[in-house]
Amino acid sequence: MGRQLSLGKHSLGTKDREEALSNLERLDRKKAFERGLIKKLEEHPLRQLSIAEGWKLFFEHRGRPQIMGGVSKNTLKRYGSVRDKHISFCKRRDIRYWSLIDKSTTEEFGRWLSRKSADRTLKLELELIVSVVRFLAEEKKLLDRSQPFTLRLSKPEGSDRYCFRREEVMAMVEHCRSTPGLHWFVDVIVGLATTGLRSEEFNGLRWSDIDFEAGVIRLKDQRYSGRKRMLGSIRAIKGKRDRVLPLHPAFRGVLESLPRNRDGLIFHGPRGGRLHARNNLEFLKTQVIKPLADKFPTPSGEIGFEHGVIHSFRHFFCSEAFRGGASEAEVLDWLGDRDSNMIKVYRHLRPDDSKAKMNRIDFLGNGTTNGSI
């Protein structure tokens with residue numbers, strides 16, 4: 001018996017018998033052509049679009065100037081990660097052309113991704129595939145005009161990102177202060193913990209962003225600034241919103257202790273170069289978290305201190321801001337988020353917070369809050 005090929009499941013797009021049989025014949029011819037079993041596909045004059053070619057067209061489209069609807073370099077970088085995964089997946093499944101990318105194969109790609117991707121990341125990756133297919137169809141680059149499809153994806157709630165605790169941040173600061181070669185990273189930890197800035201925002205902070213007289217940090221989105229683009233110091237803020245963040249006294253103390261370099265950037269690495277997200281993460285993991293892992297052990301099968309990353313400081317900032325009495329509106333403003341649901345992602349209240357609040361509630365109206373009646 002000959003080797004059978006798995007061509008996936010496909011909808012004929014109709015309940016009418018005659019139309020279904022006609023569509024089935026077209027589908028059969030298309031699959032035979034895609035697998036090289038026939039040399040011509042007479043009813044389709046367009047040539048097949050390879051997976052790599054389709055991604056190239058999509059990147060050229062999304063990489064156009066932002067004033068024309070393009071996306072930022074950071075967004076393209078995230079797209080690149082998904083592209084590489086998708087190309088790898090297609091090679092493993094012998095999927096050569098975009099005409100084979102339908103709802104079934106995309107769901108299979110999702111199952112393949114789910115082994116290593118968190119739900120929130122998985123949703124973004126699958127939505128990108130749907131967007132690429134829609135773009136290629138709109139540009140008439142696909143053989144089958146009915147190919148665009150939708151996926152029903154649940155919106156993930158909450159986050160499994162580890163949120164540092166106050167005692168852990170204090171221990172990291174002390175560790176860096178007492179270890180030769182790590183002193184520069186104290187300023188990074190304090191800065192991240194007291195501002196909640198995203199990694200790229202923090203790394204790109206400039207002295208011109210600091211208003212000492214007003215006691216604030218002013219972050220301005222500069223994606224449409226031609227002058228800043230020519231100077232190579234353009235800043236694109238996620239959400240495209242300018243924002244003002246109050247200077248915390250601890251962070252102000254760090255700033256006042258730093259020299260002002262000619263490049264205008266506030267923070268630099270141990271050798272004087274500018275900070276980079278990947279280097280910061282590697283340094284945090286190997287030089288700070290690893291040496292302190294025994295002091296803050298992570299139980300087997302749990303998410304703990306050893307899983308902390310740079311973004312964990314943003315979660316820490318949000319949680320501590322709430323614990324310190326900041327309102328939801330204030331925290332949203334400081335973080336630069338519009339959606340209040342993001343607060344649920346970043347906010348990590350400790351069990352002792354709830355216990356202390358419960359103990360302060362006088363349910364019986366007699367001034368008794370300690371359990372005695």
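Side-chain atoms are counted along with the backbone in the values below, which use heavy atoms only and exclude waters and symmetry mates. Everything numeric in this text was worked out from a predicted model, so none of it was measured.
Residues I217 and F251 have side chains in contact (heavy-atom distance under 4.5 Å, counting atoms from C-beta outward). Using a 4.5 Å cut-off on side-chain heavy atoms (C-beta onward), W207 and L265 make no contact. No side-chain heavy atom of L122 sits under 4.5 Å from any side-chain heavy atom of L153. Put simply, the side chain of S88 does not reach to within 4.5 Å of the side chain of K85, judged on heavy atoms. Looking at F109 and R93, their side chains never come closer than 4.5 Å, going by heavy atoms from C-beta outward. Residues L255 and L247 meet the side-chain proximity criterion, which asks for heavy atoms closer than 4.5 Å. At least one side-chain heavy atom of E256 sits less than 4.5 Å from a side-chain heavy atom of F212. Here the side chains of V188 and F202 are in contact, with some heavy-atom distance below 4.5 Å.
Using modelled atom types and a 3.5 Å distance limit, the side chains of S72 and Q66 yield no donor-acceptor pair. Remark: the E168 side chain and the Y162 side chain contain an N/O donor-acceptor pair separated by less than 3.5 Å. Using modelled atom types and a 3.5 Å distance limit, the side chains of R78 and S81 yield no donor-acceptor pair.
Using modelled atom types, one side-chain atom of T105 and one backbone atom of D102 make a donor-acceptor pair closer than 3.5 Å. Side-chain atoms of S178 come within 3.5 Å of backbone atoms of H175 as a donor-acceptor pair (strictly under, hydrogens ignored). E60 places no side-chain N or O within donor-acceptor distance of the main-chain N or O of L57, the cut-off being under 3.5 Å. Looking at H183, its side chain does come within 3.5 Å of a backbone N or O of R177 through a donor-acceptor pair. Between the side chain of T179 and the backbone N or O of L182 there is no donor-acceptor pair closer than 3.5 Å. Looking only at distances, no side-chain donor or acceptor of R161 sits under 3.5 Å from a matching main-chain atom of G308. Under a 3.5 Å cut-off, the side chain of R314 and the backbone N or O of L335 do form a donor-acceptor pair. Formation of a donor-acceptor pair under 3.5 Å by the W98 side chain with backbone atoms of L49 is not found in this model. Side-chain atoms of R115 come within 3.5 Å of backbone atoms of W112 as a donor-acceptor pair (strictly under, hydrogens ignored). Not one N or O on the side chain of S117 forms a donor-acceptor pair closer than 3.5 Å with the backbone of S114.
In the hydrophobic clustering of ILVMFWY residues, with side-chain heavy atoms under 4.5 Å counting as a link, L113 and L151 come out together. A continuous path of Ile, Leu, Val, Met, Phe, Trp and Tyr side chains, each step under 4.5 Å between heavy atoms, connects L142 with I87, placing both in one hydrophobic cluster. V130 and L124 are assigned to two separate hydrophobic clusters, defined by single-linkage of ILVMFWY side chains at heavy-atom distances under 4.5 Å. If you chain together hydrophobic residues whose side chains sit under 4.5 Å apart, I303 and F305 fall into the same group. There is a path of hydrophobic side-chain contacts, each under 4.5 Å, that joins L76 to L128.
Across all non-hydrogen atoms, the minimal contact from E167 to R165 is OE2-NH1, 2.8 Å. Taking every heavy atom of both residues into account, F89 and I95 meet most closely at CE2-CD1, 4.1 Å. Residues A250 and T194 come closest through the heavy atom pair CB-CG2, 4.4 Å. For V186 against V173, the heavy-atom pair with the smallest separation is CG2-O, 3.8 Å. Shortest non-hydrogen contact noted between L219 and L205 is CD2-CD2, 3.9 Å. Shown here for L126 and G110, the closest heavy-atom pair between the two residues is CD2-CA, 3.6 Å.
Aromatic rings of F164 and F316 (six-membered ring for Trp) have centroids beyond the 6.0 Å cut-off, not under it. Checked against the 6.0 Å centroid criterion, the rings of F135 and H61 qualify as a close aromatic pair.
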Checklist entry - How far apart are the C-alpha atoms of V216 and L245, what are their side-chain angles, what is the distance that settles it, and do they pass the side-chain contact (heavy atoms from CB on, under 4.5 Å) test? => result CA-CA 5 Å; V216 297; L245 176 67; over 6 Å; no

Item to check | Pair K285-E282, salt bridge (Lys or Arg N to Asp or Glu O under 4.0 Å): steps then yes or no | outcome: CA-CA 5 Å; K285 298 290 265 184; E282 180 67 19; over 6 Å; no

Next on the checklist: Does K141 form a salt bridge (Lys or Arg N to Asp or Glu O under 4.0 Å) with E139? I'd like the steps, not just the answer.
Outcome noted: CA-CA 5 Å; K141 300 296 183 182; E139 295 295 310; 5.9 Å; no

Checklist entry - Please walk me through it: do F283 and W184 pass ring-ring contact (aromatic ring centres under 6.0 Å, His included)? => result CA-CA 11 Å; F283 198 90; W184 69 276; 4.9 Å; yes

Item to check | Stepwise salt bridge (Lys or Arg N to Asp or Glu O under 4.0 Å) test for R218 and D211 | outcome: CA-CA 7 Å; R218 301 184 188 276; D211 186 337; 3.3 Å; yes

Next on the checklist: The test is side-chain contact (heavy atoms from CB on, under 4.5 Å); show your working for M172 and F313 and say whether it passes.
Outcome noted: CA-CA 12 Å; M172 287 189 280; F313 289 108; 3.9 Å; yes

Item to check | Evaluation steps, salt bridge (Lys or Arg N to Asp or Glu O under 4.0 Å), between E201 and R243 | outcome: CA-CA 12 Å; E201 293 173 344; R243 73 181 191 270; 2.8 Å; yes

Checklist entry - For R206 and D263, what are the C-alpha separation, side-chain angles and deciding distance, and is it a side-chain contact (heavy atoms from CB on, under 4.5 Å)? => result CA-CA 9 Å; R206 308 182 70 83; D263 62 6; 5.6 Å; no

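A salt bridge links K123 with E127: the closest approach of a Lys/Arg side-chain nitrogen to an acidic carboxylate oxygen falls below 4.0 angstrom. Between K56 and E53, none of the side-chain N atoms (NZ, or NE/NH1/NH2) sits under 4.0 Å from a carboxylate O, so this pair counts as no salt bridge. E200 and R198 are not joined by a salt bridge, as no carboxylate oxygen comes within less than 4.0 angstrom of a charged side-chain nitrogen.
When L258, N203, N280 are each tested for a side-chain contact (heavy atoms from CB on, under 4.5 Å) with F267, only one passes: L258. Screening L275, I210, V254, N261 for a side-chain contact (heavy atoms from CB on, under 4.5 Å) with I266, the sole residue that qualifies is I210.
Rounded to the nearest 0.5 angstrom, Q287 CD and L292 CG are separated by 11.5 Å. Between S312 atom OG and L284 atom CG the span is 8.0 Å, to the nearest 0.5 Å. The structure places CD1 of I289 at 14.0 Å from NZ of K295, a figure rounded to the nearest 0.5 Å. Considering OG1 of T106 and CG of L100, their distance stands at 11.0 Å, rounded to 0.5 Å. Separating the SG atom in C318 from the CD atom in E328 is a distance of 9.0 Å, to the nearest 0.5 Å. Taking SG of C163 as the start and CZ of F317 as the end, the distance is 12.0 Å to the nearest 0.5 Å.
Relative ring orientation between H86 and W55 is described as perpendicular, the plane-to-plane angle rising above 60° on a 0-90° scale split at 30° and 60°. Taking the six-membered ring where tryptophan is involved, the planes of F59 and Y79 are perpendicular, since the angle between them exceeds 60° and thus also 30°.
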